[in-house]
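Worth knowing before you read on, the calculation uses all heavy atoms, side chains too, and leaves out hydrogens, waters and symmetry mates. Within every chain, numbering begins at 1; the chains are lettered A, B, ... in the order of the sequence lines, protein sequences first and strands thereafter.
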Number of protein chains: 2
Amino acid sequence: MKKKTPEPVIDRRVQRTKALLADALMSLVIEKGYEAVTVQDIIDRANVGRSTFYAHFENKEQLLFNGRMHVETMLFGEEDSGTGTIDFLALYRHAAENAKIAKAMLGKQGGDLILSHVQAVIARKLSPPVKKTSPKKKQASKEEQMRHFLAEATASALVRLIVCWLDANMPFTIEEMAKESERLVLDLMKL
Amino acid sequence: MKKKTPEPVIDRRVQRTKALLADALMSLVIEKGYEAVTVQDIIDRANVGRSTFYAHFENKEQLLFNGRMHVETMLFGEEDSGTGTIDFLALYRHAAENAKIAKAMLGKQGGDLILSHVQAVIARKLSPPVKKTSPKKKQASKEEQMRHFLAEATASALVRLIVCWLDANMPFTIEEMAKESERLVLDLMKL
DNA sequence: CACGTAAACATACACAATGTTCAGTATTAA
DNA sequence: TTAATACTGAACATTGTGTATGTTTACGTG
């Protein structure tokens, strides 16, 4: 099948506006944390009309998860390895590089939106991606369910570990943190 | 030393008002979760004047952590064992008894306020309560700091485990959950 | 380059919620 | 009974949201 949109041809004004809004959000998040940022702040900072914002996004959450807003790219790279194993060294490297923005998004001021999103991403990497061998069995076995719970708990612990590390201004090396994280996952998920 | 306030003698009107507000908050939290509840909701439900609310509390957070608002008693009993070990059986029992309120407070709609408060309480129970043998040493050793991080991570995992369990309508017994929680703590904090 | 379209603009509005103030009306403790 | 004080109700200023309006500007295309 051919492209539905033969030539997307995005209007320069749209690109400019979206970039302005994204930049504004980013800088504001660094300053006051995601939760504290209002749409008003964003359009003031971006110097964009109120109606213009709502022409593109329904609210600040949509702006945040807009795609060009690298919420999880902040921790994982561009690769998006999906459900594979986690490269903790790379993860901590990324976190250290984007320390300011990561802290502002995941820390106290970040709000649960971003936090739970990142947690969900990590949990998905940890728990078996619902490989239904027999699609009939609708209900997961108790072991599977507990495994799922543990994946959630592990993800939560991992995120907390990263946040603690960031908040304390990275008192350990990337390697130390990666090692501890790997141990954590192995110990917790061994069931 | 004697009491600073020889006879507190709280005006019945004050008691009544505070109770009304607390009850209103509780029922509203169960209905829509803590975050979604507004001061307006509370005073409407309590049938109390706006100014009356602000005569007693600065905001809904103050009302929540008012003392008669058993945020953590919901999980731990009245004993307040402090930094001792955690009785997971009792914890899950309490959680099961107050399932509705616990879910409303800790779940998605709960907001991070309560969640992080409970996490902090648990983390404090897990990490050594800063027993300064030599008060001179201001900076904790690296091991101590990592231990603190792990306590935070473990607390986060434990809370997540409880929330998952509650959200899934308690598909495991209290004993199963307690066992898994104990294993989790031992594995994670063994350093 | 010209032209029509779509984006951005400014402004105003309705609404909801916060937090403060104040005079008047109770209820209470003494 | 009385003096203190807690509550009421209403108004107000403030902030933020989201929508709707008509106008101007910049863009892509032909």
cation_pi([X], [Y]) dist<6.0 Å, angle<=45:
{"X": "K125(A)", "Y": "F76(A)", "result": "yes"}
{"X": "K60(B)", "Y": "Y34(B)", "result": "yes"}
{"X": "K179(B)", "Y": "F88(B)", "result": "no"}

- Message: Nearest heavy atom decides the nucleotide; on that basis, is R16(B) or R13(A) closer to the 5' end of DNA chain D?
- Response: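 Its nearest nucleotide being more 5', the pick is R16(B).
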
- Angle by which the axis turns from one end of the helix from dC1(C)-dG30(D) to dA30(C)-dT1(D) to the other, five pairs per end, to 10 degrees: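 The two end axes of the helix from dC1(C)-dG30(D) to dA30(C)-dT1(D) meet at 30°.
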
- Message: At 4.0 Å (heavy atoms only), tell me whether T52(B) reaches a base, stays on the sugar-phosphate, or touches nothing.
- Response: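 Base, at least one base heavy atom under 4.0 Å.
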
- Message: Taking any heavy-atom pair under 4.0 Å as a contact, classify N47(B): base, sugar-phosphate, or nothing.
- Response: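 Touches sugar-phosphate only.
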
Could you tell me how far apart [X] ([atom1]) and [N] ([atom2]) are, to the nearest whole angstrom?
{"X": "D11(A)", "N": "dT25(D)", "atom1": "CG", "atom2": "P", "answer": "17 Å"}
{"X": "K60(B)", "N": "dG19(C)", "atom1": "NZ", "atom2": "P", "answer": "10 Å"}
{"X": "F57(A)", "N": "dT19(D)", "atom1": "CZ", "atom2": "C1'", "answer": "18 Å"}
{"X": "Q40(A)", "N": "dC15(C)", "atom1": "CD", "atom2": "P", "answer": "19 Å"}
{"X": "L63(B)", "N": "dT18(C)", "atom1": "CG", "atom2": "C1'", "answer": "15 Å"}
{"X": "L21(A)", "N": "dC9(C)", "atom1": "CG", "atom2": "C1'", "answer": "14 Å"}
{"X": "I10(B)", "N": "dA29(C)", "atom1": "CD1", "atom2": "P", "answer": "11 Å"}
{"X": "F53(A)", "N": "dA7(C)", "atom1": "CZ", "atom2": "P", "answer": "17 Å"}

- Could you check which of dT18(C), dC27(D), dA8(C) has an atom nearest any side-chain atom of T17(A)?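 Within the option list, the nearest is dA8(C).
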
- Are S27(B) and R45(B) linked by a side-chain donor-acceptor pair shorter than 3.5 Å?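 Yes, side-chain donor-acceptor contact under 3.5 Å.
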
Side-chain donor or acceptor of [X] under 3.5 Å from a matching atom on the base of [N]?
{"X": "R50(B)", "N": "dG9(D)", "result": "no"}
{"X": "S51(A)", "N": "dG18(D)", "result": "no"}
{"X": "R12(A)", "N": "dG28(D)", "result": "no"}

- Short side-chain N/O contact from Y54(A) to OP1 or OP2 of dG18(D), under 4.0 Å: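 For dG18(D), OP1/OP2 do have a side-chain N/O of Y54(A) under 4.0 Å.
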
- Message: Can you see if the side chain of H56(A) gets near the phosphate of dA7(C) - specifically, an N or O under 4.0 Å from OP1 or OP2?
- Response: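 Negative; the distance criterion is not met.
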
- How about Q145(A) and L150(A): do any of their side-chain heavy atoms sit closer than 4.5 Å?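 No, side chains not in contact.
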
- Angle class for the F172(A)/F149(B) ring planes (parallel below 30°, perpendicular above 60°, tilted otherwise)?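 The rings of F172(A) and F149(B) stand perpendicular, inter-plane angle above 60°.
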
- Task: Can you label the angle between the W165(A) ring and the Y92(A) ring as parallel, tilted or perpendicular, going by 30° and 60°?
- Result: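 The rings of W165(A) and Y92(A) stand perpendicular, inter-plane angle above 60°.
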
